[in-house]
Each structure stands twice: as C-alpha cells, then as structure tokens.
Amino acid sequence: MARLIVVLGDQLTHSISSLSQASKADDVVLMAEPVGEATYVRHHKKKIAFILSAMRHFAQELKDDGWTVHYRATDERLPSFTAAVEAELQAGAFESITICEAGEWRVQEEIDSWEQRFGLPVTVLKDSRFLASKQDFAQWAEGRKALRMEYFYREMRRKTGLLMEGDKPAGGKWNFDSDNRKPAKADLFMPRPIEFTPDAITQNVLSLVDQHYGDHFGSLEPFWFAVRREQALAALDHFIETALPEFGTYQDAMLTGERFLYHSVLSLYLNVGLLEPMEVCRRTEEAYLVGRVPINAAEGFIRQIIGWREYIRGFYWLQGPDYGSSNFFGASRPLPEFYWSGDTNMVCLREAITQTKEEAYAHHIQRLMVTGNFAMLAGIDPHAVHEWYLAVYADAFEWVEMPNTLGMSQFADGGLLASKPYAGSGRYIDRMSDYCQHCVYDPAERTGEKACPFNALYWDFLERNREVLAGNPRLGPIFATWGRMADEKRAAVLSHAAALLNKLDAL
Ligand SMILES: Cc1cc2nc3c(=O)[nH]c(=O)nc-3n(C[C@H](O)[C@H](O)[C@H](O)COP(=O)(O)OP(=O)(O)OC[C@H]3O[C@@H](n4cnc5c(N)ncnc54)[C@H](O)[C@@H]3O)c2cc1C
Ligand code: SF4
C-alpha cells in the first residue's frame with residue numbers, strides 16, 4: 001500500500017526529508033491550498049499569489065519528475081491541512097502518512113493530532129534545510145544566562161567552515177558590523193531585484209487570488225517574484241553580481257523611493273524552500289574568495305543567514321507556543337489605521353507602509369526602526385503588531401516573523417531575545433535616511449506642532465516604562481540624559497506625547 005507524503009507550502013525543496021525518504025513508484029504526494037491558511041490572518045494578496053504559484057510550479061516539477069501528485073486547490077474550499085488529508089484518506093487507501101516537521105507550532109499541533117484522528121502511523125521527519133536542528137539549538141542554549149546571537153553565530157561559522165581560515169575567522173574578525181552603518185546617498189547606483197514575467201500558471205493564480213481574496217491588504221500586481229527554483233537561483237546570481245558588494249556598507253540605510261537598496265530580497269525564496277541557506281552562503285563565500293565582494297559584505301550577509309535566521313528559528317521553537325502572548329510593557333493601544341492605508345504625514349512611515357502595500361516587502365531597518373519602533377514607542381498591543389507583520393510581508397512565516405516582531409522590535413518578551421529595546425528617536429531616522437528632508441515634521445524638535453512625533457514618544461516610552469527599564473545597564477546613559485533635562489522641558493515633552501497618543505490616526 002502507498003504512503004501519503006504531505007508537502008506543505010513552505011516545503012518546496014526537492015531534497016526535503018519527506019521526499020528523500022519516499023518512493024516515486026509507490027507513494028502519493030499530497031499538496032493542498034486550504035482556505036484557512038490564507039485567511040487565519042488576512043495575508044497580503046501578493047504573498048498568497050507567491051506561495052500558491054510556487055506550490056503549483058513545484059507540483060508540476062514533481063509530476064514531470066515521475067511522482068504521483070494529488071493537488072487539492074483553493075476551489076475545493078478545504079478549511080485546513082487536516083481536512084485535505086481527510087479528503088485524501090477518504091478517496092484512497094494509505095498505509096501511513098509521512099511529513100517533514102512544520103515550520104510553526106500552529107501547524108505542528110495540527111499534524112500531531114493526525115495519528116489519533118486518522119488511526120494511521122504518522123512519521124514526522126526533521127527539517128534538514130536548517131543548519132541547526134531544534135535539538136542543536138536547545139543544547140547550545142542550555143545553561144546560558146542570556147541567549148545572544150553573536151555567540152551562536154560563531155558556532156555556526158565553525159560548524160559550516162564558512163569564511164574560516166583554519167580555526168580563525170577570515171579577515172581577522174568575526175563581525176564587521178562596525179563598517180556597516182553608512183547612510184546611502186541618492187546618487188549611488190541602485191540595483192533592482194530581477195523581475196520575472198508571470199507565466200500561465202501564475203496568471204491563473206493571480207485571477208484566483210483576485211476572486212477569492214480580493215479584499216485582502218495590498219496590491220496584487222505588478223507581480224514579479226520568482227516562483228520556480230530556477231528563477232530563484234537567477235535572483236540569487238543577480239543579487240551577488242549587482243548588490244552584494246555594497247550590502248554591508250549600506251545595510252542600515254533608507255532612501256525615499258528606493259525600496260530595495262542593496263538588500264537581496266531573497267527571504268521569501270529561502271522561507272518557502274526555493275533556495276537553501278547553505279547554497280546562498282557558499283555562493284557568497286565564493287564571491288568573496290575570488291575578490292568580487294569585500295569581507296564586510298560577505299560576512300554581513302552570511303551572518304544574516306547562518307546567524308540571525310538560524311538563531312531566530314531555534315529561539316522560536318525553544319520558547320514554545322505561549323511566546324505569542326508576550327506583552328512585557330502591557331501595551332494595549334490598537335494599531336493605527338494608517339498601518340493599513342499608508343495615509344500619514346510621517347514620511348518614514350508613509351514610505352515603509354506604501355511600499356509594503358505595493359511590494360509585500362520592506363527591508364530590515366524599515367521594519368525594525370520605522371514601523372516597529374513607532375508601534376513600540378506608541379504602546380501598540382504587540383499581538384496586533386505581530387498579526388500585521390505576519391499578514392503584510394511575502395516572507396512572513398510565524399517562526400521567523402514572531403521572534404523578530406515580539407522579541408526584537410517590540411521587546412515584548414522583556415529581553416529574552418534582545419539586550420535592550422530597539423527604540424530610536426527621529427534623530428536616528430534622520431541620520432540613516434533622507435526621509436526627514438521631505439517631511440512636514442522636524443526631527444530636531446521635541447515639542448510643538450512641527451516636532452517629529454518619534455521624539456516625544458521616545459522619551460514618553462522610557463518614562464512610561466521606567467520601572468521595568470531603568471535597571472537595564474544599556475539604558476543607563478539614556479535615563480541619565482533624560483534626568484538632566486530641566487523639569488519644565490520634561491513636562492512639556494510628556495504633555496506633547498500625551499497629545500500625540502490621543503490623535504495617533506491623525507499624525
Ligand atoms: C519586525 C520584523 C519582522 C520581520 N519579519 C520577518 C519575516 O516574517 N520573515 C523573514 O524572513 N524575516 C523577517 N524579518 C527579518 C528581516 O527584516 C528580513 O529577513 C529581511 O528584511 C528580508 O529582506 P531581504 O531578503 O532583502 O534581506 P537581506 O537584508 O538581504 O538579508 C539577507 C537574508 O538574511 C536573513 N535575515 C536577515 N535578517 C534576519 C532576521 N532578523 N531574522 C531572520 N532572518 C534574517 C533573511 O533570510 C534575508 O533574506 C523581520 C524583521 C523585523 C524587524
Ligand atoms: S521627521 Fe520624524 S516622522 Fe518625519 S520622516 Fe523624520 S523621523 Fe519620520
């Protein structure tokens with residue numbers, strides 16, 4: 001009897017463990033597009049189109065390669081993966097179910113219920129696409145007082161041998177971040193990610209998304225993402241050729257109208273499995289070894305993938321499903337309406353949100369220091385912030401989005417992931433971007449009608465949370481600066497912040 005091999009929408013890798021252990025001749029692959037997966041948060045239209053199109057192309061590739069694939073499309077209106085498996089088991093006899101472990105708690109819990117529900121053995125295999133398994137990460141974390149990415153990253157460098165010269169890091173340092181803080185100038189050559197024309201499969205998916213999910217956030221077209229592995233590899237080559245050399249230097253920069261700068265726009269391909277982390281890093285290392293990219297770029301980029309990406313994933317599984325309800329500051333304000341419309345006078349937020357609507361993409365500093373920072377300073381309910389990030393980005397899957405949002409950007413876990421809140425005033429945004437030059441607000445002012453809202457909200461955030469933050473050694477100098485301000489000035493800042501918080505939607 002055949003085994004049922006279930007392949008999920010973020011498991012589009014031909015060497016995935018579930019397929020590696022299956023038999024082309026005997027087994028049946030099940031892929032499905034449950035409606036519940038597109039709607040449990042109302043995902044961006046472009047994100048849904050990307051995943052469905054990539055899934056349909058992957059299914060076609062499997063069929064061309066000789067696999068038997070049963071594909072249950074959106075039109076069947078199946079609510080969940082469980083319903084898809086149930087329909088399959090009703091239609092045919094299977095001896096067992098095999099699946100690669102899910103990317104997130106919600107889906108893994110669903111899978112864990114199958115054995116009892118269907119009365120069949122269910123084999124859950126490890127996801128070998130990650131360099132550190134959940135168990136490796138838990139072992140590394142055991143007994144440590146604080147989990148910090150930098151130490152984990154060094155272990156990953158040693159484990160993979162990437163950018164290593166014997167047991168020493170290439171270039172003599174583990175981390176070249178101090179070279180990577182330059183603001184970008186508008187007259188620099190700006191590469192663009194490679195764009196792909198939708199083929200017939202993608203065109204069908206675009207119509208389907210318009211029909212079923214037309215009222216979701218964001219623009220569906222123009223649609224230019226890669227949806228096949230071959231295209232994703234071309235996107236990787238194009239990035240290495242055109243943008244990687246400057247990736248490090250301008251990693252934290254932001255510029256009006258420049259949506260991608262020197263970023264790779266590869267996260268979505270990595271996260272669904274069209275690219276594998278090690279192949280991306282090996283190609284980056286090769287470019288460094290032949291002298292095409294400097295060490296600060298190669299190291300900075302590889303650190304994002306074998307450092308941050310792996311660390312975030314290990315952290316997510318280590319924390320458990322309750323991590324999602326973290327709310328260290330007890331923040332409870334609703335998300336301002338302009339997070340959905342982009343309709344705000346604050347240019348930094350308008351730029352980040354408008355491009356998010358149009359591209360389902362914003363780069364890291366926009367997510368962290370613009371939309372994330374503002375939400376934290378304004379005391380927005382972190383769960384609402386989490387749901388927003390999960391819905392609006394094409395690369396958003398809970399395992400990577402949640403620790404980045406709740407831990408890194410909102411400090412909602414009280415410092416399990418970050419050693420201090422990533423809070424910044426208008427001055428930070430002014431230093432790293434040209435947004436403020438086009439804004440009605442002034443980043444140098446703290447109070448008054450024209451004052452940048454980030455400024456008063458920044459001090460108000462610290463004051464509001466003094467009790468839980470004052471003991472943080474990294475914030476000591478900032479509280480000291482606040483303390484040195486004249487009483488009337490402090491009172492004026494807090495009163496301005498209160499007025500801003502009362503009219504967030506009007507800013
Ligand atoms: C609030 C917030 C939410 C985020 N949500 C997501 C998300 O849902 N999905 C996601 O993949 N990333 C998320 N990130 C991390 C990061 O912003 C994106 O990975 C990055 O912007 C993707 O664009 P890129 O491919 O051009 O990245 P690049 O800047 O080119 O970086 C290269 C690669 O490194 C990896 N990477 C970089 N930073 C991180 C990080 N902090 N965590 C994990 N991987 C990282 C990504 O795979 C990325 O493709 C989030 C960050 C913040 C602050
Ligand atoms: S002045 Fe303030 S609100 Fe305006 S762009 Fe600068 S940081 Fe953003």
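Atom set for the values below is all heavy atoms of this structure, side chains included, hydrogens, waters and symmetry mates excluded. Counting starts at 1 for both ligands and their atoms, in listed order.
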A.B. asks: Among all protein heavy atoms, pick the one closest to atom 17 (O) of ligand 1 and tell me residue, atom and distance.
C.D. replies: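 Protein heavy atom with the smallest distance to atom 17 (O) of ligand 1: H364 ND1, 2.9 Å.
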A.B. asks: Among all protein non-hydrogen atoms, which one is nearest to atom 48 (C) of ligand 1, and what is the separation to 0.1 Å?
C.D. replies: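 The protein heavy atom lying closest is S267 CB, 4.0 Å.
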A.B. asks: Counting heavy atoms only, which of N404, N373, V280, L261 comes nearest to atom 40 (C) of ligand 1?
C.D. replies: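 Among N404, N373, V280, L261, the closest heavy atom to atom 40 (C) of ligand 1 belongs to N404.
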A.B. asks: Please check if any side-chain donor atom of E463 sits under 3.5 Å from a side-chain acceptor atom of W482, or the reverse.
C.D. replies: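 Yes, W482 and E463 have a side-chain donor paired with an acceptor closer than 3.5 Å.
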A.B. asks: Taking the six-membered ring for Trp, are F217 and W340 ring centroids under 6.0 Å apart?
C.D. replies: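 Close enough - the centres of the two rings lie under 6.0 Å apart.
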A.B. asks: What protein heavy atom sits nearest atom 27 (O) of ligand 1, and how far off is it?
C.D. replies: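 For this ligand atom, the closest protein heavy atom is S264 OG, 3.9 Å.
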A.B. asks: With a 4.0 Å cut-off on heavy atoms, is Y361 touching ligand 1?
C.D. replies: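 Yes, Y361 has heavy atoms under 4.0 Å from ligand 1.
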A.B. asks: Less than 6.0 angstrom separating the ring centers of F196 and F223, yes or no?
C.D. replies: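 No - the distance between ring centres of F196 and F223 does not fall below the 6.0 Å cut-off.
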A.B. asks: I'd like to know whether the aromatic ring centres of F454 and F374 sit less than 6.0 Å apart in this structure.
C.D. replies: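 Ring centres of F374 and F454 closer than 6.0 Å.
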A.B. asks: Is a donor from one side chain sitting under 3.5 angstrom from an acceptor on the other, for S267 and Y361?
C.D. replies: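 The criterion, which ignores hydrogens and geometry beyond distance, is not satisfied for Y361 and S267.
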A.B. asks: With no hydrogens and no angle check, just 3.5 Å: does a side-chain donor-acceptor pair link Y393 and T356?
C.D. replies: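 Yes, a side-chain donor-acceptor pair sits under 3.5 Å.
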A.B. asks: Nearest heavy atom to atom 3 (S) of ligand 2: which of M346, E445, M254, R427 does it belong to?
C.D. replies: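 That would be M346.
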A.B. asks: Tell me whether atom 2 (Fe) of ligand 2 has C348 as a neighbour, meaning an N, O or S atom of it below 2.8 Å.
C.D. replies: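 No, outside the cut-off.
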A.B. asks: Using a strict 4.0 Å cut-off to heavy atoms of F247, name the atoms of ligand 1 that fall inside it.
C.D. replies: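 Once the distances to F247 are compared, the set is 28 (P), 29 (O), 30 (O).
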A.B. asks: Going by the atom numbers of ligand 1, which of them fall below 4.0 Å from some non-hydrogen atom of T405?
C.D. replies: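 Atoms satisfying the 4.0 Å criterion: 1 (C), 3 (C).
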A.B. asks: Which part of D395 is near ligand 1, with near meaning a heavy atom under 4.0 Å away: side chain, backbone, both or neither?
C.D. replies: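 Answer for D395: both.
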A.B. asks: Flag yes if more than 12 heavy atoms outside K489 fall under 6.0 Å of its NZ atom; otherwise flag no.
C.D. replies: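 Open: at most 12 neighbouring heavy atoms sit under 6.0 Å from NZ of K489.
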A.B. asks: Return the closest protein heavy atom for atom 12 (N) of ligand 1 as residue, atom name and distance.
C.D. replies: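 That would be V400 CG2, 3.7 Å.
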A.B. asks: Just jot down the ligand 1 atoms closer than 4.0 angstrom to any heavy atom of A362, in number order.
C.D. replies: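 Taking each heavy atom of A362 in turn, ligand 1 has 21 (O) under 4.0 Å.
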A.B. asks: Quick test of your reading of the structure: of R367, R313, H263, whose heavy atom lies closest to atom 6 (C) of ligand 1?
C.D. replies: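 Looking at heavy atoms only, the winner is R367.
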A.B. asks: List every atom of ligand 1 that sits less than 4.0 Å from any heavy atom of M408, numbering the atoms from 1 in the order shown and giving each element.
C.D. replies: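 The atoms of ligand 1 under 4.0 Å from a heavy atom of M408 are 41 (N).
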A.B. asks: Taking atom NZ of K126 as the centre, report whether more than 12 heavy atoms of other residues, nucleotides or ligands fall under 6.0 Å from it.
C.D. replies: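 No, not enclosed.
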A.B. asks: Kindly give the heavy-atom pair with the smallest separation between E398 and L390, and that separation in Å.
C.D. replies: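 Residues E398 and L390, closest heavy atoms: N-CD1, 3.8 Å.
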A.B. asks: Are F461 and F411 close enough that their ring centres sit under 6.0 Å apart?
C.D. replies: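 Centroid distance F461-F411: not below 6.0 Å, so no.
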A.B. asks: Below 30° counts as parallel, above 60° as perpendicular, anything between as tilted: where do the rings of W105 and Y316 land?
C.D. replies: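 Judged by the thresholds at 30° and 60°, the geometry between W105 and Y316 is tilted.
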A.B. asks: May I ask you to identify the nearest protein heavy atom to atom 4 (Fe) of ligand 2, giving residue, atom name and distance to one decimal place in Å?
C.D. replies: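 Going atom by atom, the protein heavy atom closest to atom 4 (Fe) of ligand 2 ends up being C439 SG, 2.4 Å.
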A.B. asks: Using a strict 4.0 Å cut-off to heavy atoms of Y389, name the atoms of ligand 1 that fall inside it.
C.D. replies: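 Selected atoms, number and element: 1 (C), 3 (C).
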A.B. asks: Quick test: of every protein heavy atom, which one is nearest to atom 2 (Fe) of ligand 2, and how far off is it to 0.1 Å?
C.D. replies: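 Looking only at protein heavy atoms, the one closest to atom 2 (Fe) of ligand 2 is C452 SG, 2.3 Å.
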A.B. asks: Pull out every atom of ligand 1 sitting under 4.0 Å from any heavy atom of I305, numbered as shown with elements.
C.D. replies: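 Selected atoms, number and element: 33 (C), 34 (O).
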A.B. asks: What protein heavy atom lies closest to atom 39 (C) of ligand 1? Include the residue and the distance to one decimal.
C.D. replies: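 Ranked first by proximity to atom 39 (C) of ligand 1 is W308 CB, 3.9 Å.
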A.B. asks: Considering non-hydrogen atoms of the protein only, which is the closest contact for atom 38 (N) of ligand 1, and what is the distance?
C.D. replies: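 Result: Q304 OE1, 3.4 Å.
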A.B. asks: Between F301 and ligand 1, which residue portion shows a heavy-atom distance shorter than 4.0 Å: side chain, backbone, both, or neither?
C.D. replies: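 Side chain only; the backbone of F301 stays clear of ligand 1.
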A.B. asks: Please say whether the positively charged group of K357, taken as NZ for Lys or CZ for Arg, lies over the ring of F338, i.e. under 6.0 angstrom from the six-membered ring centre and within 45 degrees of the axis.
C.D. replies: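 No, K357 does not lie over the aromatic ring of F338.
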A.B. asks: Side chain, backbone, both or neither: which applies to F260 and ligand 1 if a contact is any heavy-atom pair less than 4.0 Å apart?
C.D. replies: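 No part of F260 comes within reach of ligand 1.
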A.B. asks: Do S15 and E276 have side-chain atoms, one donor and one acceptor, less than 3.5 Å apart?
C.D. replies: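 Yes.
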A.B. asks: Output the list of atoms in ligand 1 that are nearer than 4.0 Å to some heavy atom of I312, sorted by atom number.
C.D. replies: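 What qualifies from ligand 1 is 42 (N).
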A.B. asks: Can you see whether E359 engages W224 through a side-chain donor-acceptor pair at a distance of less than 3.5 angstrom?
C.D. replies: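 Side chains of E359 and W224: pair found under 3.5 Å.
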A.B. asks: If we set the cut-off at 4.0 Å for heavy atoms, which region of N271 has an atom near ligand 1: side chain, backbone, both, or neither?
C.D. replies: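 Just the side chain.
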A.B. asks: So which protein heavy atom does atom 1 (S) of ligand 2 come closest to, and at what separation?
C.D. replies: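 Looking at atom 1 (S) of ligand 2, the protein heavy atom closest to it is Y441 O, 3.5 Å.
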A.B. asks: Would S53 and T202 count as having a side-chain donor-acceptor pair, cut-off 3.5 Å?
C.D. replies: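 Yes.
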A.B. asks: Quick check, are the ring centers of H14 and F58 under 6.0 angstrom apart?
C.D. replies: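 Yes, close enough.
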A.B. asks: So if I count the atoms of ligand 2 from 1 in the order they appear, which ones are less than 4.0 Å from some heavy atom of I429?
C.D. replies: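 Counting atoms of ligand 2 from 1, those under 4.0 Å from I429 are 7 (S).
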A.B. asks: I'd like to know if atom 4 (Fe) of ligand 2 has an N/O/S atom from C436 within less than 2.8 Å of it, counting both backbone and side-chain atoms.
C.D. replies: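 No, C436 does not qualify, because none of its backbone or side-chain N, O or S atoms lies under 2.8 Å.
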A.B. asks: Mark up the atoms of ligand 1 that fall under 4.0 Å of a heavy atom belonging to L270, in ascending order.
C.D. replies: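 Result: 47 (O).
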